[in-house]
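Worksheet for the structure shown next.
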Amino acid sequence: MVRIGVIAAALAASASAAGTLHDGFNAQQAYAYTARIAGYGERWPGSPGHRKTEDLIHQVLQQDGARVEADDFTASTPRGPVAVHNIIGKFHVTADPKQKIFILAGHYDTLFQPGFLGANDGASSTAILLAFADALAGQKTKMQIWLVWTDLEEAINAFDENDGLYGSRHLAQKLAANGTTARVRGFFLLDMIGDKDLGVARESGSDRGLQDYITRAARQLGYGQYFFQYSMEIIDDHVPFLHAGVPAVDVVDAMYGRMGPQFDSMGEFHHANTDTMDKVSQRSLEVVGRTILLTVEMLDG
Ligand SMILES: [Zn+2]
């Protein structure tokens, strides 16, 4: 009995040492992170839930050995000045000034709306990035991988060129100004990917070549049916990066619950206080998490 246990443990250890980035993705942990973050309550900038989410991100990044950077500024908004904190965790940074960079991003703020918990819209994207941090800690890549938690993605009133995407607009401009964008091989934005009824949109403004890599990775894992079965144009945190010349894809489930004229254009649970944990599944996090990490492996060179 004891002997078998020891052999099994040794085999498990060697399998994980020889494993891959996508096999290191822990969907159960991603789901647990999602529940924990949704449990913090409303997470608009300045709220206690927002602060707790920032603390969790910093704690996981520290534990996973990332190089942590802040992109802090004050945004002028229709509510007045708002302190915005983008958080960046960098993995596998070498001394090579030409080393390519790949960015995986998602927003961690929620709407300024009383009672809005954003289990899918906010918590799932924050959580999948935390699970990526855990996977990256166990595997080396040639590219530097940046995990970026954007802040104040949500519009105060309605999305236009001056409202919404505050954090991503600031960061994209900063990286363009200091020349970093030229080194960025790609940018994937994760948004609302915890939806139990998963269907990732083919966002029509996104980079088609990178979408094709995602398709290949998904098919290889048997997840092809969950990706790109419908097209939609979506304004999201990838847009400022596209404008800065970075190949970017919005990996977004844009049909959240029933669709129809009586509902929000992205489904009945979108920006509704019914965006709660019962609409999120571990399986969806697993499908997206493994597919995205396999795509990164394919692009790593
Ligand atoms: Zn939203």
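Throughout, numbering of the chain's residues begins at 1 and tracks the sequence. Numbering of ligands and ligand atoms starts at 1, following listing order. The basis for the numbers below is simple: all heavy atoms, side chains too, and nothing from hydrogens, waters or symmetry mates.
The side chain to side chain contact (heavy atoms under 4.5 Å, CB included) test applied to Ser231 returns Arg202, not counting sequence neighbours.
Note that CG of Leu147 is 11.0 Å distant from CD1 of Ile128, once rounded to the nearest 0.5 Å.
Note on Asp121: its N/O/S atom closest to the Zn ion (ligand 1) is OD2. Per residue Glu154, closest N, O or S atom to the Zn ion (ligand 1): atom name OE2.
Between Phe102 and Phe188, the ring planes are perpendicular. Angles over 60° get that label, and only those under 30° would be called parallel.
A cation-pi contact links Arg79 to Phe112, judged by a cut-off of 6.0 Å to the six-membered ring centre and 45° from its axis.
Metal site remark for the Zn ion (ligand 1): His107 contributes no N, O or S atom at a distance under 2.8 Å. Taking backbone and side-chain atoms together, Asp191 has no N/O/S atom less than 2.8 Å away from the Zn ion (ligand 1).
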